[in-house]
Amino acid sequence: MAQTSKYIQGLNPAQRDAVLQTGGPVLVLAGAGSGKTRVVTQRIAHIVSKKLAEPSEILAVTFTNKAAGEMRERVSKLIGKKLGSEVVLSTFHSFCLQVLRQHIEHLGFRKNFTIAGEGDAHTIIRRVLDDLDGVRESFSPGAFRAQISLAKGANGPADIARDVTDAEADPDGVALQDKYLVWLPEISERYQSALRAANALDFDDLLSYVLKLWDEHPRILARYQKRFKYVMVDEYQDTNPVQYALVRRLVAKHENLCVVGDDDQSVYGWRGADVRNILDFEKDFSGAKIITLGQNYRSTKTILAAANAVIAHNKERRIKKTFTQLKEGRAIDWMVVGDDEHEAKLAAAWLKNVREKATARYSDFAVLYRSNNQSRAFEIAFRNAQIPYVVIGGQEFFERAEVRDIIAYLKVLANPRDEPSFLRVVNMPRRGIGDKTLHAVHDLCREQGLPFAKGLALALKEGRVSGPAEHGVGEFLALLTEFRPRLRDGREGLADLVGELVQRIAYKAELERTSKSLEHAGLRWENVEAVIQAVEAYEQSAANPTLHGFLDESSLNSDADRSSKDERRKTGVTLMTMHSAKGLEFPFVFIAGCEEGLVPHERSVRDGAIEEERRLFYVALTRAKRHITLFEALSRNRHGREKMCETSRFLSEIPENLINKRIHAAKDMVEARVQPNKGQPRPRKTSRRAAKAQGKLGA
DNA sequence: AGACCCAGGTTTTTT
DNA sequence: ACCTGGGTCT
């Protein structure tokens with residue numbers, strides 16, 4: 001140990017290599033459960049302790065705030081709180097936001113720009129489509145939004161242009177659903193200029209504008225290159241082309257780049273992640289060292305063998321051997337059930353059974369499914385069986401209408417040009433300001449390049465606002481003029497001010513007026529109170545709290561709910577999608593809906609994305625430490641129709657000796673299965689009832 | 001402005 | 001089945 005760092009103790013040889021290999025580009029291929037986070041954190045500690053760099057000269061990038069938080073905690077445990085806090089450890093987006101808060105004026109934005117969330121982006125696109133004849137009727141805003149985001153993450157507008165030229169060159173070759181590509185450049189351009197006019201950036205802009213900044217201002221880039229002697233990227237298989245380009249620029253000087261990831265766990269291709277980044281690493285960074293962390297510390301031999309066998313069917317991958325020294329464990333159980341209801345009921349009974357036999361806690365179990373709507377049956381069954389549970393996913397806190405209302409007020413106060421936010425609050429609560437007034441003001445602003453609030457004031461002064469709107473406009477302007485300086489000068493508490501603002505607009509009364517029931521209004525009011533609490537929490541934690549600081553944090557932290565969910569996860573069964581399960585582990589994992597159409601999903605089959613679906617199934621399997629139960633339904637309620645299902649192809653890829661198949665469904669249904677589509681027509685109810693009756697025998 | 005009705009769509013999610 | 005969004009009527 002004489003000359004090695006104390007931070008390599010207790011590591012296996014591969015992990016040690018990864019920690020010690022600090023110079024030059026390194027790819028750490030970290031199989032599931034191979035102690036990846038441990039390697040990254042110890043590597044940072046090693047660099048600091050060997051004085052290879054100051055903590056502030058190390059940049060570690062993750063994808064989620066949660067991952068960043070956990071990593072910071074673990075680094076702090078190793079090198080102390082003070083040094084730990086100096087390491088630049090953040091998500092791609094928050095790192096880029098910091099860069100832009102300093103330099104955005106080079107790109108023609110004002111320093112007080114706001115971030116347009118998904119809701120804002122949607123609103124802008126809707127308005128863009130309204131201005132274009134005939135587009136709104138044929139296409140939904142969502143399709144454009146998704147496509148624009150993809151293009152911006154891919155390589156900027158150039159990619160859109162190329163797609164469209166292809167489409168125009170061969171109009172007949174374009175599938176009907178791709179016809180909207182023709183509209184894309186126009187809409188994309190209008191969307192971008194609307195954002196620019198609003199002095200706002202969407203999430204993709206945060207990244208691509210940093211790239212632009214660095215490319216147009218090499219001296220700014222040089223400062224960052226010089227500062228960050230060591231750069232690490234977690235979950236590298238999830239990076240998109242823009243993120244790849246950012247990393248590439250940043251490390252061009254020192255070339256001390258360490259990326260960590262697992263190509264077999266790349267499940268975000270549909271949102272722009274490019275597996276080639278990890279597959280081609282040594283081509284992109286010459287002289288790269290590749291270190292494989294193959295030892296799995298999580299799962300039994302059975303589970304790992306099953307997962308390995310499944311993933312071996314993929315062609316596009318780096319072959320890596322993963323192994324475990326843990327014991328054999330119990331065979332995987334494969335439950336064949338009648339339908340989705342039966343699936344959930346059997347799962348509940350089976351769960352209780354396993355919990356008792358293994359003296360496990362509810363929190364040791366997770367139910368994983370492909371799509372969120374599958375949670376419903378489990379929620380009902382678990383409630384009936386008195387099994388505590390938490391559903392992860394669904395609507396995010398900051399996307400709820402009442403929360404967005406309050407945030408929109410704050411955004412307008414922070415950035416008077418923020419048009420989507422402005423339009424959201426100008427007549428909320430009702431002030432008699434309708435379309436007529438807004439159109440007039442909008443034109444005025446466009447003519448003179450004024451922020452909305454200024455335009456509103458001018459319109460009022462010039463008598464362009466008439467009738468009931470006049471009073472309302474005056475009231476609204478008074479609100480802005482009063483609160484803007486008070487929020488800006490920082491003499492009063494932020495949370496207090498927000499509370500006062502909410503009072504002033506009589507928001508509680510507004511909720512009571514617009515809600516279906518008083519109870520519903522109460523729930524929504526709780527969310528408003530939660531916003532104020534979030535402001536308070538931010539004020540406590542930030543060194544120098546500002547309104548912008550809070551808005552930035554809440555934009556980039558849409559999962560403010562997360563901590564409360566994490567708390568509840570400690571007491572109950574976790575219900576979530578396979579995607580959200582990535583990075584987590586549970587002693588007992590139930591995988592629901594192992595059928596063609598769900599895993600792999602029918603749309604992925606159509607798009608030819610089978611390998612990604614297989615990786616998703618692999619992720620699901622490798623979440624389990626002790627035991628997996630697979631559920632397969634013979635028929636399933638899809639969009640209100642009962643449909644016969646076929647077994648997921650992935651189940652046949654698991655060696656038979658690792659599986660214990662049990663048929664719980666009614667015999668006649670199993671027989672009907674032999675010829676799935678030609679089976680004699682049978683009233684749906686009958687088979688359902690049969691399945692239910694049989695369900696009681698389960699477990 | 002708000003209630004009501006019909007049509008369409010429906011994977012995965014973070015920032 | 002269920003939710004959203006848009007259009008229409010009061």
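Chain identifiers are assigned alphabetically (A, B, ...) following the order of the sequence lines, protein sequences preceding nucleic acid strands; residue numbering begins at 1 within each chain.
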Would you kindly give the CG-to-C1' distance between A/Leu556 and B/dT15, to the nearest whole Å? 6 Å
Does A/His639 lie flat on the base of B/dT10, that is, centres under 5.5 Å apart and planes under 30° off? yes
Please check the phosphate of B/dT13 (OP1 and OP2 only) for any side-chain N or O of A/Ser580 closer than 4.0 Å. yes
Can you tell me if A/Arg370 touches the phosphate of B/dT11, counting only side-chain N or O atoms and a distance under 4.0 Å to OP1 or OP2? no
Nearest-Å distance for atom pair CZ/P, residues A/Arg271 and B/dT15: 8 Å
Euclidean distance, atom CD of residue A/Glu379 to atom P of C/dC2 [Å, nearest integer]: 14 Å
Whole-Å distance, A/Arg606 CZ to B/dG9 P, equals 12 Å
Can you tell me how far P of C/dA1 sits from CD of A/Gln374, to the nearest Å? 18 Å
Let me know the distance between CG of A/Asp204 and C1' of B/dT14, rounded to the nearest Å. 11 Å
Between B/dT15, B/dT13, B/dT10, spot the one nearest the side chain of A/Arg603, thanks. B/dT10
Whether A/Lys36 and A/Asp234 form a salt bridge (side-chain N of Lys/Arg under 4.0 Å from carboxylate O of Asp/Glu) is what I want to check. yes
Name the nucleic acid region contacted by A/Tyr268, choosing base, sugar-phosphate or nothing; use a 4.0 angstrom heavy-atom cut-off, strictly under. sugar-phosphate
Can you see if the side chain of A/Asn427 gets near the phosphate of B/dA1 - specifically, an N or O under 4.0 Å from OP1 or OP2? yes
Let me spell it out: for each of A/Thr577 and A/Ile433, pick the nucleotide of DNA chain B with the closest heavy atom. Which residue's pick is nearer the 5' end? A/Ile433
Closest of B/dT10, B/dT14, B/dT13 to the A/Thr64 side chain is B/dT14
Is it true that A/Arg145 and A/Asp204 make a salt bridge, defined as a side-chain N closer than 4.0 Å to a carboxylate O? yes
Check every strand shown and say whether A/Arg376 touches a base, only sugar-phosphate, or nothing at a heavy-atom separation below 4.0 Å. sugar-phosphate
Between A/Asn637 and C/dA1, does any side-chain N or O lie under 4.0 Å from OP1 or OP2? no
Checking B/dT15, B/dT13, B/dT11 against the side chain of A/Asn65 (C-beta onward), the nearest is B/dT15
Can you list everything that forms a ring pair (Phe, Tyr, Trp, His ring centres under 6.0 Å) with A/Phe92? Sequence neighbours excluded, please. A/Phe63
Of the nucleotides B/dT15, B/dA1, B/dT12, which one has an atom closest to the side chain of A/Arg430? B/dA1
So, OP1 or OP2 of B/dT13: does either fall under 4.0 Å of a side-chain N or O from A/Asn372? yes
Looking at A/Arg638 and A/Glu595, is there a salt bridge between them, counting it only when a charged N and a carboxylate O are closer than 4.0 Å? no
Could you tell me the separation between the CG atom of A/Asp234 and the P atom of B/dT14, rounded to a whole number of Å? 16 Å
Would you sort out whether A/Phe109 and A/Tyr209 count as a ring-ring contact (aromatic ring centres under 6.0 Å, His included), showing the intermediate values? CA-CA 11 Å; A/Phe109 283 81; A/Tyr209 280 146; 5.4 Å; yes
Is the phosphate of B/dT15 approached by A/Ser94 (side-chain N or O, under 4.0 Å from OP1 or OP2)? no
May I ask you to say what A/Glu602 touches in the nucleic acid, namely base, sugar-phosphate or nothing, with a heavy-atom cut-off under 4.0 Å? nothing
Measure from CD on A/Glu235 to C1' on B/dT15 and round the result to the nearest Å. 15 Å
Of the nucleotides C/dC3, B/dT11, B/dT13, which has the atom closest to the A/His601 side chain? B/dT11
Taking NZ, NE, NH1 and NH2 as the nitrogens, is one of them in A/Arg615 or A/Glu612 under 4.0 Å from a carboxylate oxygen of the other? yes
